Amino acid sequence: MAGQKLAIEGGSKAVDKLGPFPTKIGRDELLEVLDLWQMSPENTSKIKAIIEGEKNLKGPHLFRYYNPRPSKVLAAEGAMKELIGTKFCMAANSCTSALVSAYRSLGIGMGDEVIVPAYTFFATSATVVAANAIPVIVDVDETLCLDAKAIEKAITKRTKAIVPVHMRGAPAQMDAIMDVANKHGIPVIEDVAQAAGGSFKGKMLGSIGKIGCFSFDYYKIIVSGEGGFYTTNDERLYTRALNWHDCAACWRPDRFGPEKENEDLFCGENYRMSELEGAVALAQIRRAKAIVAGHRSANHKIKNAIEKFKGLSFRRLADEAGDTGICLVMFLPDADVTQKALPALKAEGVPCGGIYDSKVRDWHTYNYWEHILQYKSVAADKLPWSGVPKNELPKYTKDMCPKTLELLSRAILIDIDYNFGDEECNKISTAINKVLNVYIG
Ligand SMILES: Cc1ncc(COP(=O)(O)O)c(C=O)c1O
C-alpha cells in the first residue's frame with residue numbers, strides 16, 4: 001500500500017467499478033403493481049414469465065425530480081396546463097395539499113379569513129384551519145355552490161380569499177362571484193376537486209380565479225388513486241406554491257438556487273406527487289375530454305326523459321354547457337317525501353343517494369364540522385382561533401346556513417357513469433318516473 005501513487009495524481013483507481021447491482025425497484029415491485037390490475041391468472045403467469053426473463057430490467061426512479069427518464073409528473077403537469085389553459089400547473093399528492101399550497105402561496109395565515117361554502121367536502125375548510133386561518137362559512141344557492149349574495153355579506157377586513165367549490169361536477173355562478181371578489185380586491189381560489197373538465201361560459205374551471213385546485217383521488221372524475229393539481233396564471237404564486245409543496249424548496253428544479261424574489265424561500269411541507277401517480281394521472285388527463293363527454297351525454301338522456309312532475313325541479317346550472325354531468329340533482333317538495341322516495345329509487349336499482357339527512361352524519365355539510373364549529377385546535381397554542389380577538393371570531397352555529405340545509409334536505413343525487421348507453425339511461429329514467437309518479441305524481 002505504502003508508496004502507491006494516488007489516483008488524483010495519475011495512479012490507478014482503487015475502486016474502479018461498483019456493481020452492477022439489482023435496481024432499487026425491480027421485478028417484485030412490478031409484479032405487485034400488476035396485481036392491482038387483476039388480470040386473468042393465465043395472462044398474469046404469461047406476463048410474470050416475461051418479467052422474470054427480462055435481462056435488462058431498468059427499475060423506475062419514482063421521484064419526480066432528478067429522474068434520469070422524462071418525468072411523468074412533469075408530463076402530467078403539462079397535459080393539465082393544456083387541458084385547463086393556465087400558464088402554470090403544479091402536481092401535488094392531493095387536492096387537500098393543493099388547497100393548503102393555494103392559501104400559503106397567497107400568504108394567508110394567522111388572523112386571516114377565507115370564505116368557504118356550507119356545502120363542500122370538509123377538506124376545503126379544514127385546509128383553511130391547517131393554514132392557521134379562519135373559515136367563514138356561507139350559504140350555497142340552488143346551484144349548490146357558493147351564493148354570490150351571501151359572500152358579499154360575509155366579507156370583513158380580514159377576508160383574504162374566496163373559495164367557490166364547483167360541487168358535484170357543476171360550475172358555480174362564477175361571473176357573479178368574480179364580480180364580488182374583484183369589487184373587493186379579494187383573490188378567488190376555485191376548488192375544482194369534483195369538476196375537472198367542467199367550464200363556465202367557455203372558460204375551463206380552474207382558470208377563472210387566481211388559483212384552481214383539483215383532486216385526482218379515486219372518487220373523482222379523472223383519478224390517480226391519490227393526487228391533486230394546482231393551476232394558475234400567476235408565476236409568483238406558482239413559485240411560492242412549488243416551494244411550499246417541496247419541503248421548503250429543497251428539491252425544486254434549481255435545487256440549491258437562491259430565492260429570485262424576497263419571500264420565495266420559506267419552510268414548507270412535502271406534498272410532491274410520485275411518478276406512479278404521475279403516470280396514471282397523465283393517462284387519465286389524456287382521456288378527460290372523452291370521459292366528461294360520456295357523462296354529459298348520459299346525463300342529458302336521463303334528464304330529458306324524466307316527466308314533468310309538479311313539485312319536481314332540478315339543480316340550477318350556472319352554465320349547462322359547462323356541467324361535467326357526473327350527476328343529476330333533483331329537488332323534491334320537502335325533506336319528508338325525499339326520504340320516502342330515496343329508498344324506493346334505490347329498491348328500483350337507481351344509482352342514487354340523498355345529500356343531507358338531519359339524522360345522518362356527513363362530512364359534506366357544515367353542521368357536522370364540529371372541528372370548526374367548536375373552535376378545535378391541534379395544539380395548546382389554540383391556533384387559528386387564538387389569532388383573532390374572541391369577539392371578532394365568526395359565531396358558528398349548526399343552523400347558521402338554513403338555506404343550504406333546506407335545499408340539501410330535498411335533494412336527490414343520481415350518479416351518472418360515462419359508460420351508460422341508451423339502455424342504461426332508459427332503465428334509469430323509467431325507474432325515476434315510476435317512483436316519482438307514486439310520491440309526487
Ligand atoms: C370539494 C372537495 N375539495 C377537496 C377535496 C379533497 O381532495 P383530496 O382527497 O384529493 O385531498 C375533496 C375530496 O373529496 C372534495 O370533494
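All residue numbers in this chain count up from 1 along the given sequence. Indexing begins at 1, ligand by ligand and atom by atom, following the structure's order. This one's a predicted model, so the numbers in the text were calculated from it and none came from an experiment.
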> Which one holds for Thr96 and ligand 1: side chain close, backbone close, both close, or neither close, with close meaning a heavy atom under 4.0 Å?
Replying inline: both

> Considering only the protein, which heavy-atom contact is closest to atom 14 (O) of ligand 1, and what is its distance?
Replying inline: Lys220 NZ, 2.6 Å

>> Taking 4.0 angstrom as the limit and counting only heavy atoms of Gly227, give me the atoms of ligand 1 inside it, by number and element.
In response: 10 (O)

> Near Ala193, which atoms of ligand 1 are under 4.0 Å from a heavy atom of that residue?
Replying inline: 1 (C), 2 (C), 3 (N), 4 (C), 5 (C), 12 (C), 15 (C)

> Does the side-chain contact (heavy atoms from CB on, under 4.5 Å) test come out yes or no for Phe200 and Glu190, once each step is laid out?
Replying inline: CA-CA 12 Å; Phe200 179 77; Glu190 294 173 73; over 6 Å; no

> Is ligand 1 under 4.0 Å from a heavy atom in the side chain of Ala123, in the backbone, in both, or in neither?
Replying inline: side chain

>> Within the 4.0 Å heavy-atom shell around Asp217, which atoms of ligand 1 are there?
In response: 8 (P), 9 (O), 10 (O), 13 (C), 14 (O)

> Counting from 1, what ligand 1 atoms have a heavy atom of Ser94 closer than 4.0 Å?
Replying inline: 10 (O), 11 (O)

>> Can you confirm whether Lys403 is buried at NZ, in the sense that more than 12 heavy atoms of other residues, nucleotides or ligands lie under 6.0 Å from that atom?
In response: yes

> Under 3.5 Å, is there a donor-acceptor pair between the Asn233 and Thr86 side chains?
Replying inline: no

>> I need the atoms of ligand 1 closer than 4.0 Å to a non-hydrogen atom of Gln194, numbered in the order shown.
In response: 1 (C), 16 (O)

>> Let's go through Lys340 and Asp336 carefully: what are the C-alpha distance in whole Å and the side-chain angles of both, what is the deciding distance for salt bridge (Lys or Arg N to Asp or Glu O under 4.0 Å) to 0.1 Å, and is it a yes or a no?
In response: CA-CA 6 Å; Lys340 286 181 182 141; Asp336 194 40; 3.1 Å; yes

>> For the residue pair Ser215 / Gln194, report whether a side-chain donor-acceptor contact shorter than 3.5 Å exists.
In response: no

>> At less than 4.0 angstrom from any non-hydrogen atom of Thr120, what atoms of ligand 1 do you find?
In response: 1 (C)

> For ligand 1, which atoms sit closer than 4.0 Å to a heavy atom of Val165?
Replying inline: 1 (C)

>> With a 3.5 Å distance limit and no angle check, can you tell me whether Ser386 reaches the backbone of Asp381 through a side-chain donor-acceptor pair?
In response: yes

> Any N/O of Asp191 closer than 3.5 Å to an N/O of ligand 1?
Replying inline: yes

> Quick one: does Ser97 get within less than 4.0 Å of ligand 1, heavy atoms only?
Replying inline: no

> With a cut-off of under 6.0 Å to the ring centre and 45° to the axis, is Lys303 in cation-pi contact with Phe314?
Replying inline: yes

> For Glu226 and ligand 1, does the shortest N/O to N/O distance drop below 3.5 Å?
Replying inline: no

> Does a sphere of radius 6.0 Å around NZ in Lys308 hold more than 12 heavy atoms from other residues, nucleotides or ligands, not counting ones at 6.0 Å or beyond?
Replying inline: no

> Side chain or backbone of Cys95 under 4.0 Å from ligand 1, or both, or neither, by non-hydrogen atoms?
Replying inline: both

> Regarding Asp234 and Thr232, is there a side-chain donor-to-acceptor distance under 3.5 Å anywhere?
Replying inline: no

>> Check for me whether His364 has a heavy atom closer than 4.0 Å to any atom of ligand 1.
In response: no

> Under 3.5 Å, is there a donor-acceptor pair between the Asp175 and Gln173 side chains?
Replying inline: yes

